[in-house]
Number of protein chains: 2
Amino acid sequence: MKKKVTTPPVKRIPRRSVLSDEIYEMIKAKIFDYEIAPGSRVNIDALSVKLEVSQTPVREALARLESDGLIEKEPLKGYKATQLLTIKELNDLFQFRLLVEPWAAEQAAKLIDNTGKTALKAEMQSAKTAIKFADENQYQALSEHDSRFHTLISSISGNQTIADFYDRTHCHLHLFRLYMANKLHLIDGESRADYVQDLFEQYYQSGSGQLAIKEHDAIAKAILDQNSKAAKAAMHAHIESSLKRFSPAAVAANR
Amino acid sequence: MKKKVTTPPVKRIPRRSVLSDEIYEMIKAKIFDYEIAPGSRVNIDALSVKLEVSQTPVREALARLESDGLIEKEPLKGYKATQLLTIKELNDLFQFRLLVEPWAAEQAAKLIDNTGKTALKAEMQSAKTAIKFADENQYQALSEHDSRFHTLISSISGNQTIADFYDRTHCHLHLFRLYMANKLHLIDGESRADYVQDLFEQYYQSGSGQLAIKEHDAIAKAILDQNSKAAKAAMHAHIESSLKRFSPAAVAANR
DNA sequence: TTCTGGAAAATCGTATAGGATAAAATAACG
DNA sequence: CGTTATTTTATCCTATACGATTTTCCAGAA
């Protein structure tokens, strides 16, 4: 317990509010950045001193992360990061998406208004710009675009329930991508998380990124044309090929 | 702050563990029992003294309930119980179920094994027994059967992701039923929550309960026969007529 | 009578100490 | 040398005090 006994009274930033939320995001980021490895123990005390806050906000954040399925709690033992998706769970998740998202795309095509059209066009434009110029954090940009794109369509579909559910799936998919990258990384015989970023870029520069954008483009076009059948079909095809892009790497990683 | 300054040292129950979880369930029960009204403020301090625990477990419980969508948090104002489902949200939720559950029933019919068959038969049997003899808490029994039935099918379908998502929807539907009962209740000019139970019974004894059981029976039969097409169709029909059972009352309540 | 300003109260957010329990390491015994 | 029992450590769980912000209430002026 070597901890500064008194809070430094100098740092009197009026700290607006919602420290818990900040901590929640920070811990989440740590998980995504692989600073907290899947399956590893998460110590409340250690986290609170590292983040320089008290235990209370850390507890609240962990409780919420548990509901998100990113953290698990064993009653009197402690918290630990959730184990990563198995191949079966990945398939289950994509099956779920196949049930929901094509319908959402169909509805979006039927219900889209001018505001929605503008937003969709803007999103596709920014994605194309990002993939062209972002040579550094290309993975990051693509991943964020992917999330925004699917969320946007769920939202345009008018069914908030479905949009909410999609949000929950996304973080797990994101984590799986991380897993993939890391496994490949370990095969190479190294273990520092710094390299993860490079592997993402490699993976995405291999063409998967451009492919995904192309498929997104087809979906967006169908929705903008208000061609609901085409939108549904395009979304279905996109999710299926997306799974295929995931799967080989996943299988390789699980060997 | 009139609080006993010292914990009574007499009550030294070795309190096994997971107080947070207990509190979580207790608060949830309070919401379902209408002790905490929708939209009302939830005071941490008051709850902690009422439940005779410290604030910490209450905080954790509330954070989890927020993730469940049963409680909302306004940054520097406090927690409050979530407003009840609007008609639109109810429709959204049922649309979601229509996308997912018929597929789950179809899969269940394809994949069910002997263990699953035994469980399904047992569930239907216990439901029929319950509806016959439980004249007191019939609503409770039916509601719990409904939850178990749909969860069971999701589980037999083999897709844990979908089973998890169903779990999340169920509590909201449960709350909506409460809402309905309460609104009808207020129309009658009274306001004590004690009467809610009676209204449930009235609602369910009016025939809706028996109808639901009949539909469940058809679904179970199809699954046990491993007739996947019939199972899918039966589930679809069940959810649609279930919405119809909800909707008139909901519309009436919103007038 | 109504609106604006300030003061008081309520409540959230934060910090830290202490007790209890489970896991781990060490020592003793077979 | 292996197994069991005991001690030690680490960690969670609980309790309570303090500070900051928001809300509410009341008084005074237009």
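This structure is a prediction, so every number in the text was calculated from the model and none was measured.
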Colleague: Would you kindly give the CD1-to-P distance between B/Ile44 and D/dA15, to the nearest whole Å?
Modeller: 15 Å
Colleague: Between C/dC12, C/dG13, D/dA15, which nucleotide gets closest to the side-chain atoms of B/Lys73?
Modeller: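 The nucleotide sitting nearest to the side chain is C/dG13.
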Colleague: Any salt bridge linking B/Arg148 with B/Glu123? Criterion: basic side-chain nitrogen under 4.0 Å from a carboxylate oxygen.
Modeller: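 B/Glu123 and B/Arg148: salt-bridged.
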Colleague: Distance check needed: C/dA17 P versus A/Asp45 CG, whole Å only.
Modeller: 11 Å
Colleague: Just compare D/dC12, C/dA15, C/dC12 and give me whichever is closest to any side-chain atom of B/Asn43.
Modeller: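 The answer is C/dC12, which lies nearest to the side chain.
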Colleague: Is there side-chain contact between A/Glu101 and A/Ile162, with heavy atoms separated by less than 4.5 Å?
Modeller: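 No, every pair of side-chain atoms sits at 4.5 Å or beyond.
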Colleague: Look at A/Ser20 and C/dT14 and indicate whether a side-chain polar atom (N or O) is within less than 4.0 Å of OP1 or OP2.
Modeller: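 For A/Ser20, the contact criterion (side-chain N or O under 4.0 Å from OP1 or OP2 of C/dT14) is met.
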Colleague: Check whether any side-chain N or O of A/Ser54 sits under 4.0 Å from OP1 or OP2 of C/dT14, and answer yes or no.
Modeller: no
Colleague: Over how many whole Å does the gap from A/Asp21 atom CG to C/dG13 atom P extend?
Modeller: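 Result: 9 Å.
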Colleague: Quick check: does any side chain N or O of B/Asp92 sit under 3.5 Å from a backbone N or O of A/Asn159, one acting as donor and the other as acceptor?
Modeller: no
Colleague: Rounding to an integer number of Å, can you tell me how far A/Lys80 NZ sits from D/dA10 P?
Modeller: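 Spelled out: NZ on A/Lys80 to P on D/dA10 is 22 Å.
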Colleague: Could you state the CD-C1' distance from B/Glu60 to C/dT14, rounded to the nearest angstrom?
Modeller: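 Between C1' of C/dT14 and CD of B/Glu60: 15 Å.
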Colleague: Provide, to the nearest angstrom, the distance between the CD1 atom belonging to B/Ile23 and the C1' atom belonging to D/dT14.
Modeller: 12 Å
Colleague: Starting from the C-alpha separation in whole Å, work towards a yes-or-no answer on side-chain hydrogen bond (donor to acceptor under 3.5 Å, both in side chains) for B/Gln95 and B/Asn91.
Modeller: CA-CA 6 Å; B/Gln95 179 59 55; B/Asn91 283 317; over 6 Å; no
Colleague: Look at all strands and tell whether A/Arg59 reaches a base, only sugar-phosphate, or nothing, counting heavy atoms closer than 4.0 Å.
Modeller: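 The residue A/Arg59 makes base contact.
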Colleague: Between atom CD in B/Gln55 and atom C1' in C/dA10, what is the gap in whole Å?
Modeller: 13 Å
Colleague: Map B/Arg41 and B/Thr56 onto DNA chain C by nearest heavy atom, then report which one ends up closer to the 5' terminus.
Modeller: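 Closer to the 5' end of DNA chain C: B/Arg41.
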Colleague: Just checking A/Val58: base, sugar-phosphate only, or nothing, at a heavy-atom cut-off of under 4.0 Å?
Modeller: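 If one applies the 4.0 Å heavy-atom cut-off, A/Val58 turns out to touch nothing in the nucleic acid.
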Colleague: Quick one: pull up NZ in B/Lys30 and CG in B/Leu70 and give me the separation to the nearest 0.5 Å.
Modeller: 14.5 Å
Colleague: From CD of A/Glu52 over to P of C/dT16, roughly how many Å is that when rounded to an integer?
Modeller: 12 Å
